[in-house]
Amino acid sequence: MDTMTEVAFQIILFAGNGKSSAMEAIHEAKDGNFEEADNKLKETSEELGKAHQHQTKLLQNEARGEEQPLNIILVHSQDHLMTAMTVRDLAVELVEIYRTR
């Protein structure tokens, strides 16, 4: 497996973990467990941060002129990351809505 594919799979892994934690935060808030919801949101940020670090490495390599062929797995990983980031943003809002009910 080439480096690009390995990095793509790392992005998919951490983005998936972040999305799962965000969904768990919503469920915890729905049940009134706001401390646990906040913990899950923290986990979400940590996992998405790891995914973003891998993405940043690729961007830095590209900026240094290290051209890399288009890799469909990388495109897929970017889709996962952006979706997970959107779910995180919505989870933050939903937790606050549940908190103020």
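Only a predicted model underlies this, so the values are computations on that prediction, with no experimental measurement involved.
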*asked:* Are the side chains of Gln10 and Leu13 in contact, using a 4.5 Å heavy-atom criterion?
replied: yes

*Rounded to the nearest 0.5 Å, what separation is found between the CG atom of Asp31 and the CD atom of Glu36?*
11.0 Å

*Look up atom CD in Glu43 and atom CG in Asn39, then write down how far apart they are to the nearest 0.5 Å.*
7.0 Å

_Measuring from atom CD of Glu66 to atom CE of Met4, what distance do you get when rounded to the nearest 0.5 angstrom?_
10.0 Å

*asked:* Between Leu74 and Leu81, is there shared hydrophobic-cluster membership here, with clusters defined by ILVMFWY side-chain heavy atoms closer than 4.5 Å?
replied: yes

*asked:* Run the side chain to side chain contact (heavy atoms under 4.5 Å, CB included) test on Asn61 and Gln68 for me, step by step, so that the C-alpha distance in whole Å, both residues' side-chain angles and the decisive distance to 0.1 Å come before the verdict.
replied: CA-CA 9 Å; Asn61 291 345; Gln68 301 166 354; 3.6 Å; yes

*Hey, what do you get for CD1 (Ile72) to CG (Asp79), rounding to the nearest 0.5 Å?*
10.0 Å

_Partners meeting ring pair (Phe, Tyr, Trp, His ring centres under 6.0 Å) with His76 (sequence neighbours left out)_ = His80

_ILVMFWY cluster, Met85 and Phe14 together (side-chain gap under 4.5 Å)_ = no

_Show, in sequence, the C-alpha distance, side-chain angles and deciding distance for Arg99 and Val95, and conclude whether the side chain to side chain contact (heavy atoms under 4.5 Å, CB included) test is met._
CA-CA 6 Å; Arg99 192 185 317 267; Val95 167; 3.3 Å; yes

*Between CD1 on residue Ile97 and NZ on residue Lys30, distance to nearest 0.5 Å*: 13.0 Å

*Above 12 or not: heavy atoms from other molecules or residues under 6.0 Å from CZ of Arg64?*
yes

*Would you mind reporting whether Lys57 and Val7 have side-chain heavy atoms less than 4.5 Å apart?*
no

_Shortest non-hydrogen contact between Ala22 and Thr44, atoms and distance_ = N-OG1, 3.0 Å

*Could you state the interatomic distance from CG (Asn33) to CG (Asp38), rounded to the nearest 0.5 Å?*
11.0 Å

_Transitive ILVMFWY side-chain link Leu59 to Leu70, under 4.5 Å_ = no

*Between Glu24 and Lys40, does at least one N-O distance fall below 4.0 Å, as a salt bridge requires?*
yes

*Can you hop from Leu48 to Leu90 via hydrophobic side chains spaced under 4.5 Å?*
no

